[in-house]
Structure formats: C-alpha cells, structure tokens
There are 2 protein chains.
Amino acid sequence: MGTPQRRTVRDLRRGNRAMLLRALYFGGPASRNDLCGVTGLSAATVSTMTGDLLADNVVVEAGQVDSDGGRPRVLLRVNPVYGYAIGVDVGETQVRVELFDLEMKERARAHYAVRSARHDPELVARHILTGVDAVIAEGGISAGQVLGIGVGVPGIVEPGPDALVRAKTFGWEAVPLGALLRAGTSLPLYVDNGAKTMGQAELWFGSGRGTRDAIMVLMGSGVGGMIVADGSIYRGAGKAAGEVGHLKVVAGGRPCRCGARGCLEAYVGAEAILERAGVVADSADEESALAGVLESGSPVVSETVEMLGAGLSSLVHLFNPERIVIGGWAGLMLGGRLLAEIRAATAANTLAQPFHGDSIVLGRLGADAVALGAATLVIEAFFREAAFRQSVTTIA
Amino acid sequence: MGTPQRRTVRDLRRGNRAMLLRALYFGGPASRNDLCGVTGLSAATVSTMTGDLLADNVVVEAGQVDSDGGRPRVLLRVNPVYGYAIGVDVGETQVRVELFDLEMKERARAHYAVRSARHDPELVARHILTGVDAVIAEGGISAGQVLGIGVGVPGIVEPGPDALVRAKTFGWEAVPLGALLRAGTSLPLYVDNGAKTMGQAELWFGSGRGTRDAIMVLMGSGVGGMIVADGSIYRGAGKAAGEVGHLKVVAGGRPCRCGARGCLEAYVGAEAILERAGVVADSADEESALAGVLESGSPVVSETVEMLGAGLSSLVHLFNPERIVIGGWAGLMLGGRLLAEIRAATAANTLAQPFHGDSIVLGRLGADAVALGAATLVIEAFFREAAFRQSVTTIA
DNA sequence: TGACTTTATTCAAGACTTAGATTATGGTCT
DNA sequence: AGACCATAATCTAAGTCTTGAATAAAGTCA
C-alpha cells in the first residue's frame, strides 16, 4: 500500500548521486569508467556528477592506473577528510567517545568510567559532551568539520527529536537523551540502540558485508539484535523491531529480566548463563566468569547451545536470511568455542527447508564496535545529505 | 548494500504512473484534483497521465460530483472490465478456480474434488487448466482478456519459471507446477504459497488494509504466515520467509510434522490440537472435531492459547508490527471464541515494550480467500505492467 | 446576464539522462 | 621520430519528464 511518494526529476538526480557516492565509498577507489559499470549510469552522467562532487570536495582523485594502450584512468575516492564522524558508546561501565574520519579510521578517543550503580542521565550526557570537545581538540579539527554525533545506548530508543531512551539495566524510564545533548551541542545527533549500531558496523565493515538479508544476534550481558531486510535495517512500526533477546524459546520457562518468561535472553545472555550455572559475578568480571563456565563442561553449556539453536532456527524460518552473524563479547566467546555445535543445533530444528549451517558466522569486529557503528549512523546521513548539498542556493 | 539500480527519467514516469493507478484502485473513484492531493503530483502531471490512462482504457470516468460554486469534478476509477484475473486455490480436498474482474468481483467459478490421498501433480494441473477454460467460458469473456493466473498452493514455492513446489502434506517433493501449467496455457502465471496469497487478500481487502507493517498468522490444519514489511511482502533471501508455523515455542518440545520439535504448528495447528486432545478425525471432519474440542473446555485449549500467545509475542518483539491478523479456518474458529484470552496471553509475554492487545485482530475474509489472494498476484503484476504499456512501440 | 469559484488543460521553462561525436592521453609499430 | 591505434573523459544535441503559470471549461449565485 504505502503511497511511495511522488518523485520529481530532482529526486532522480539525488538518488543517482547518492548511489554513486555509496558505490565509491564501499567500492574503494574507482575510475569514472568503473563507476559506469557499477552504477549502470551512462558515462556522461558519471562525468558530470563526479565533476560536481570534485568541485564540492566530497570526492578527490586517488592516483591513476597505468594504461594498456589507451588513456590511463584516473581513480577517484571519497575524500576521507571531507568531514568527520563522532561515535559514542554508552556502556554499562564506561562512556566511550571516538572520532573517525570518513574512512572510519579512528582519529581520537576519550573514555570515561561510570560507576555501575549510578547511571545518572545528566552525568552521562555531560561525559558525552566533554568527550566530544576532547576528541575534536585531540583530533586537531574544528567543530564545523564534524558531520554529526552517533550514540549507541542500551534499551529501546523512541524515535523523535527527544530520543527517549528506556533502558531497564540503567534504570532509565524515559530519558530524553537527545534533548539533554542538544542543550550542549548543535551538531546533528543520531541516537540508536547499541546492539543496532554494533550490528550496522558488522553489516558495513564486518561479517555482514555485502548481504541484503541478514540477522545480527548480539550477545553480551543480555541479548540484542538487528534485522537487515532488503539491504537496510528493519525497524518496524514503532522502531522497536529486532528484539531477538525476547524471542520465546520455552513458553512459560525461566523468568527474564524483562518480566516475561522463556525469552532467549533468559537462557543465552551472559547474565543468564552465569545464574543458571550458579556463579555469582558482578559486571566487572562477568567475562572471566563466563569463560570459566564454558570451560567447565557444565550441562548448562549444552543447554545454552540447544536454546540458541532453537532461537536461531526460529529466525531462519521467519526471515530466511542469507546469513546470521553472532556478535557481542559473550557471543564471540560462545561462538569461538562452540560454533559447530550451534550450527548443528540450529540445523536440527530447521529441517523443513534447505539451510546451510555455515551461513551462521561470527562477528569480525569484536565487542568494541558500538562506537564505530554509531559513527556509521552519521555516515549514512551524510550520504543522504551529500545528495542534497548541490541544491543549496545562497541568496546574496 | 544492494546497489539500488540507476534510474532514468522513464523510470520516474513509470513509478509515478503506477502510484497513481494504485491510488485510484484503492482510493475508490476520485477526481483528478483528489489525485493531486493523494499522490503529491502537480495538476498538470495528473492531467496528462489520466489522459493516457483514459486513452488506454485502463481508467474510465465514473460520474461526477455536484459542484458548490465551481466546475464539477469528474470522477475517475480503474476500469473494472479492462481485464480479468483468475485465482486458483489448490487445497487438501479440492481445486478451486475462480474468475474475478479488476474490482475483484467474482464472475465465475469451477471446483474439482480431489481425493485426499491422491494429489497427483498431473491431475491437479489438469484440473486447473480445465477450470481455467471453464471459467473463461462461463464468464463470457475471451482468453485474451485474462491478465494472468494466480495459484496458491501448500508448502514452499521456489522462485523461478518452473515454480518448484515442496508440499509435505501432498507428498510433493519438487513438483514443477509452473512448468506443468505452462505446457497447457500461455497466460502469465504466478504461483505462491497459499498462506501468503490468503494473507495478501487480507492485506488488500480485509483486516490488514492500510497497514505498512503487519503479520498474518494463518491457521488451518497447519500454520502458515506472511510478513508485511514497509508495505510489501517480505520474502527473504530464498523467498521462504514467513514460516510462522515453525517458530519454536518449546525448545525440544512436541515433534512437528516438519521433523523438528517444539514448532508453533505442533501446538496450535488444528491437526496438532486434535492429536493432543486425543481426537481422531480425518481431514473431512476436522472442522467439526475442532469445534468439539474447543467447546469441551479441555486443558488442551488453554495450553493452545498459551502457546499461541508465546508465539505471537515473539513476533511482536521481532517485527514490532502495527497489527497481527489471525486467519485461516482454524484461526477464525479459535479466535472467534478466545480472542480476549489470546490477547492476554500475548500481552503477558510482551512486557518490555508498549503493546496494545487490540492490535491483534481476526481476519475478515473467511477461509476461502486463497483464490482471491492468488488473483491479487495478477493485479499486482498488472500495476507494474500497466506502467509499462505506454512504451510499447509497434513496428509497422 | 455578469461576477465569482472551482476544476481541468495547455504551454513554456527547467532539470535530467542518453547516445554519439569529440577531445585527451598514452602506447605501439615502422 | 612520426603515424596510427586504443581507451578514457567530456561535450553536444535530442528526447523525457515534472512544474508553475496562464488559459479554458463548467458551474453557482445574485
């Protein structure tokens, strides 16, 4: 249904321009001729467009390829220092602020420890704002060169300018993080769930690269997720889709911290695994405690694999994805030791259709990709914006 | 990343034309002026486009609205007899072939009983082809006026020209139904899973109307489903997404006919409910048997509701849909008596986010909507095609 | 009848992509 | 070295498309 918006000739150019920019960004340096092939546009259009982009300094030349009997082709690429993106990871134990250039090379960072019990929203916001100033200074750039700030937070983020955050683990009921930050900076702001930002990092630069239909399952203390449908993140009607952690695997089963019972998170989140194994650990040494349980050969481990397999098979049946990426620190720890078993458990529950166990893979980016992923939110917006830039007319 | 195809100026018109046609189809009769508002196109564009469409006879005038102080507006609508669509429902007990005009009014029908045990592919194909001829004759139209044939079948349909069908209940392993039919007719053919076609009927004309993010859960002997994401059916990488029936609700639970364990279908499909209640019934009197069980107050009933609630809550967390539609004959029977309980069971498992129980609704179209939905596949293609028609140039 | 409204069409202008011609830049052959 | 060839990039003319403004059409109301 969805009346898909009328389109005018300008939209056309915008769309094509954005496509060309994406191709250049992900396809590395390429000649104008290569771009014709990749984008399907005619040489003429590519020529005028790259001309504009070069004039705007969004794109720069990047050497040339030796010819074999003809004019050598000039390579182009997105100007890595056209602008910068800041990514923020609001975690359980610290707030991390990192500055990236357009090629996602880290230029500066600032970390602030947060005492576990105290996640005062004001304090978190202040840390972020201080961090932003710090990385701008350390990176030796001006605020004007920053294209925006991406923030990854736990819990559910309501769409809207205030970016209301609900995060049980922080005791945040409806914290207007967006509003708090906007009071201290005028840079564009993009707030999203940390699992989603991490997932997007995997999608762009990690194990999910190149897929159109994928699912990221991100296991830390709890379990989060992200669904990629037709090449973009699926967010659902209220922007809350992808809560893989609360997929039910045992109706009426173990109580979950969300209040319901039998959620996947109540079995395969690190916190749940430790609880079931009878290990007491605070969030600081959760990692080593989990490693201990996994080594112990406890029956909890095989049960965990079973549950994860059941959950993943549900995902396969519902989404029929090309790939499932397991990430997050607990996911990487579990998957690193038991990937074969996880694949087998999933396959055992997925008989109805052809399913290749090896389409379940581990994330490549490690657990600290939340900030990186948050920065990609900025880049994403940049692609949309860059397409507009041309039509800005100044009144003298 | 999916390079989203370059666009040319022609694509623009195609897109806008298709949009206008859809608006007219679903928005009932409307004046050119109304269409400006709905589509966002300028009056000039609407005028030339409707001119083309009128010339092609795809659109016709439909009276006019009395003015109040100005030129009266002429109403337009899609020409209901511009063409016809045939919908086929390949069911357990019969093959139903129905002829619809563009407004989806039924014009003719032909049903053929199939003995339960014998689902010979050749025989089914012959029934369909005979039925097609029969309804064309009965409808008093010529084959040339038929825009296509949509077929809804059980099981999974592989994409491709052969339309390989895998249907356990029929004992079909890889039946090339598409190829079989194409041998007997040259009309365009669209084969899809029956649950999906039924879901599409609900989406277009039933309880799903107007939603962009919805889930259809279709319960008959087994359980099927369809996912609507951003206004269109989500099919996944291998076109097999939406298998709601094989969502796990109890890891390691009851064996399901798919071979795995603990699937939703193993608890809430009619066959499963009867089995669990210890009732023996063949497919002919499954309906009355199920009604009996539901009336009996057996504990199986409340367990069924629990399981369904668990499954639906998984769907809510994963997809965050605007609406969930329960359909299929068993679904309607169950939901007709126990909708409140089902809503409560779902809500009990969905504490983490705001969720309105009343977004779970019953289907409005009854169980015989498979053929109707199959016919919508033809209409959908018609929208795409009609946008092209203009550019056909004949060489004299 | 004439003033006023509202709807629909026509027209010139501006934006965009394309195919084909042209220019640019280097290699290769004699 | 100079003529010739191959490939890349740009320029040009043509064809589509949407749009806003002007114009035509078809009423109502006093």
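The basis for the numbers below is simple: all heavy atoms, side chains too, and nothing from hydrogens, waters or symmetry mates. Every chain is numbered from 1 and lettered A, B, ... according to where its sequence line falls, protein lines coming before strand lines.
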- Query: Would you say the side chains of B:Asp11 and B:Thr8 form a donor-acceptor pair under 3.5 Å?
  - Reply: no
- Contact under 4.0 Å: B:Ser47 side-chain N or O vs C:dT9 OP1/OP2: yes
- Message: Closest-nucleotide mapping onto DNA chain D: is A:Thr8 or A:Thr50 further toward the 5' terminus? I mean the 5' end.
- Response: A:Thr50
- Note on the structure: Counting primed atoms, P, OP1 and OP2 as sugar-phosphate and everything else as base, the B/S/- map of nucleotides 20-30 of chain D against protein heavy atoms under 4.0 Å is B---BBBBS--
- Just jot down the side chain to side chain donor-acceptor pair (under 3.5 Å) partners of A:Arg107, sequence neighbours excluded, or say none. A:Asp101
- Would you say B:Arg13 reaches D:dT18's phosphate, i.e. side-chain N/O to OP1/OP2 under 4.0 Å? yes
- Message: If the condition is side chain to side chain contact (heavy atoms under 4.5 Å, CB included), which residues does B:Val9 pass it with, not counting sequence neighbours?
- Response: A:Leu12
- Query: For A:Asn33 and A:Val9, take the nucleotide of DNA chain D holding the closest heavy atom to each; which residue's nucleotide lies nearer the 5' end?
  - Reply: A:Asn33
- Given atom CG of A:Leu12 and atom P of C:dC16, what is their separation to the nearest angstrom? 9 Å
- Query: What is the distance from CZ of A:Arg73 to C1' of C:dG27, rounded to the nearest Å?
  - Reply: 15 Å
- Query: Tell me: CZ of A:Arg10 to P of D:dC17, nearest whole Å?
  - Reply: 19 Å
- Could you state the atom-to-atom distance from CG of B:Asp11 to C1' of C:dT18 in whole Å? 13 Å
- Query: Whole-Å distance between D:dC11 C1' and A:Met49 CE?
  - Reply: 17 Å
- Query: Under 6.0 Å between ring centres, would you say that holds for B:Tyr234 and A:Tyr234?
  - Reply: no
- Item | Set of residues satisfying side chain to side chain contact (heavy atoms under 4.5 Å, CB included) with respect to A:Ser232, sequence neighbours excluded | none
- Item | Residue list, side chain to side chain contact (heavy atoms under 4.5 Å, CB included) with B:Thr48, at least two apart or on another chain | B:Arg13
- Task: Indicate whether OP1 or OP2 belonging to D:dC17 is found under 4.0 Å from a side-chain N or O atom of A:Arg7.
- Result: no
- Query: B:Asp52 CG to C:dT9 P: how many Å, rounded?
  - Reply: 12 Å
- Query: When all nucleic acid strands are considered with a 4.0 Å heavy-atom cut-off, which category describes B:Val74: base, sugar-phosphate, or nothing?
  - Reply: sugar-phosphate
- Item | A:Asn16 vs C:dC16: side-chain N/O to OP1/OP2 distance below 4.0 Å | no
- Note on the structure: Whole-Å distance, B:Leu41 CG to D:dT16 P, equals 20 Å
- Results of side chain to side chain contact (heavy atoms under 4.5 Å, CB included) for A:Ala381 - residues two or more places apart only: A:Tyr190, A:Arg384
- Rounded interatomic separation in angstrom, taking CZ from A:Arg32 and P from D:dC11: 11 Å
